[in-house]
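Computed from a predicted structure; not experimentally measured. In what follows, chains are A, B, ... by sequence order, proteins preceding strands, each numbered from 1. What you see below is based on every heavy atom in this structure, not just the backbone, and it leaves out hydrogens, waters and symmetry mates.
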Number of protein chains: 2
Amino acid sequence: MNTDGSMELSRQLRPLLTRVYQMVRRRSPGWDVTAAQSSVLTTLLDRGPLRMGELAAVEGVRMPTATSVVARLVKLGLVERTADPQDRRAVQVGLTAQGRIQIDALSAERNANFAELLGRLSAEERGLLQAAMPAMAHLLSLDADPNLAASENDLSTALEGASNHE
Amino acid sequence: MNTDGSMELSRQLRPLLTRVYQMVRRRSPGWDVTAAQSSVLTTLLDRGPLRMGELAAVEGVRMPTATSVVARLVKLGLVERTADPQDRRAVQVGLTAQGRIQIDALSAERNANFAELLGRLSAEERGLLQAAMPAMAHLLSLDADPNLAASENDLSTALEGASNHE
DNA sequence: TGTTCATATTTAGATATTCTAACTATTAGC
DNA sequence: GCTAATAGTTAGAATATCTAAATATGAACA
């Protein structure tokens with residue numbers, strides 16, 4: 001296997017993706033919430049309310065970590081916990097109105113900052129980036145784990161611009 | 001301004017980049033060092049030895065944070081601090097042989113894992129991703145800050161596959 | 001029905017990360 | 001040599017993260 005150049009592409013592309021991601025975050029650090037908190041807010045904005053375990057899985061942390069971060073966000077009034085009537089062991093975590101406002105603002109600032117850089121590329125370069133987006137969405141769908149599947153906003157909506165991510 | 005579609009592209013592309021980045025990290029969490037530590041190791045692998053302040057700038061954290069993380073990595077034997085003879089206030093931070101081995105291993109695992117996903121795309125999709133890489137490299141160069149410029153490995157080497165990033 | 005195992009989450013305790021403010025040491029300008 | 005700027009560390013506090021253990025609910029079944 002691997003006569004298709006995937007390994008070579010991975011070695012070139014993965015570092016680039018990492019650096020662009022880091023650059024975006026460095027240029028728009030965000031205000032008064034920590035990195036972990038803003039990541040949770042963005043995940044909830046993007047995927048809608050999640051159970052505690054789903055949130056932990058998406059964030060790539062253990063459940064006690066999710067519990068801890070959510071507890072602080074609740075104290076800040078940015079998210080709320082509601083019991084799941086179907087399964088009373090479970091907890092649904094969702095944004096409050098104030099949480100939505102705050103994370104929308106950060107997301108908009110990051111989009112604007114990134115757009116400024118994109119505007120300095122040539123139209124051809126922007127076209128190439130645009131053309132690569134469906135392949136990226138396909139990559140994401142390949143990773144889809146039934147355990148942390150998106151609910152209302154499924155992966156295809158990532159291309160609609162309706163979702164905002166950290 | 002912004003009649004070139006940069007804002008719309010940003011709104012679509014930035015979330016995708018974020019999700020691909022998070023997916024890669026979630027699929028290869030790394031062993032015994034923390035996220036902050038592996039990020040520093042990868043930065044040093046990619047950019048070569050850095051001064052403490054440069055390292056903090058690249059990582060997007062304050063200097064005391066860099067000091068703290070480096071101190072732990074020194075204790076683990078993965079990085080070393082050397083005095084700069086030119087400027088005796090400054091400290092150079094670089095990988096030890098053992099540090100290089102460890103971060104090479106993690107980088108290779110992430111590359112292989114990502115390559116497995118890429119291998120499930122069509123050849124056309126891989127071609128589109130490949131074609132978008134120069135534009136990404138250009139984006140990175142636009143962000144170049146003289147304060148945190150790469151030394152031996154400049155940004156163009158990101159396309160050579162010689163560097164490995166978190 | 002009640003016992004037992006599995007699942008979802010929290011609590012407890014430890015280590016790591018991160019910040020701001022204040023401190024030390026060195027360099028640069030005059 | 002003063003004085004100010006620069007590079008880094010130390011101190012102290014809040015947050016984030018982990019593993020192990022506890023709690024509570026759900027599911028299976030004799």
- prompt: Distance check: side-chain N/O of B:Thr67 vs OP1/OP2 of D:dG8, anything under 4.0 Å?
  reply: no

Any N/O pairs under 3.5 Å between the protein and nucleotides 16-18 of chain D? List them or say none.
residue: D:dA16; atom: OP1; partner: A:Thr34; partner atom: OG1; Å: 2.2
residue: D:dA16; atom: OP1; partner: A:Gln37; partner atom: NE2; Å: 3.4
residue: D:dA16; atom: OP2; partner: A:Arg72; partner atom: NE; Å: 3.2
residue: D:dC18; atom: OP2; partner: A:Arg62; partner atom: N; Å: 2.9
residue: D:dC18; atom: OP2; partner: A:Thr65; partner atom: OG1; Å: 2.7

Residue closer to the 5' end of DNA chain C, A:Ala66 versus A:Arg89 (nearest nucleotide): A:Arg89

message: Which heavy atom of A:Leu17 sits nearest to which heavy atom of B:Met136, and what is that distance?
response: CD2-SD, 4.0 Å

query: Tell me, do A:Ile103 and A:Leu44 make a side-chain contact under 4.5 Å, heavy atoms counted?
result: no

field: Exam field: side chain B:Thr43 to backbone B:Ser39, donor-acceptor pair closer than 3.5 Å
entry: yes

- prompt: If we only count heavy atoms from C-beta on, is the A:His138 to B:Ser122 side-chain gap below 4.5 Å?
  reply: no

message: Tell me the interatomic distance from B:Leu55, atom CG, to D:dG8, atom C1', rounded to whole angstroms.
response: 13 Å

query: Does any N or O in the side chain of A:Glu54 come within less than 3.5 Å of the main-chain N or O of A:Arg51, such that one atom is a donor and the other an acceptor?
result: yes

message: For A:Ser6, is there any backbone N or O sitting under 3.5 Å from a side-chain donor or acceptor partner on B:Arg126?
response: no

task: With a 4.0 angstrom cut-off to heavy atoms of chain A, pull out the first and last contacting nucleotide of DNA chain C, in 5'-to-3' order.
output: C:dT7 to C:dT11

field: Under 3.5 Å donor-acceptor, B:Ser68 side chain and B:Pro64 backbone
entry: no

query: Roughly how many Å is it from CZ in A:Arg51 to P in D:dT25, rounded to a whole number?
result: 14 Å

- prompt: Can you tell me if CZ on B:Arg120 sees more than 12 non-hydrogen neighbours from other groups inside 6.0 Å?
  reply: yes

message: Would you say A:Arg88 places a side-chain N or O within less than 4.0 Å of OP1 or OP2 belonging to D:dA24?
response: no

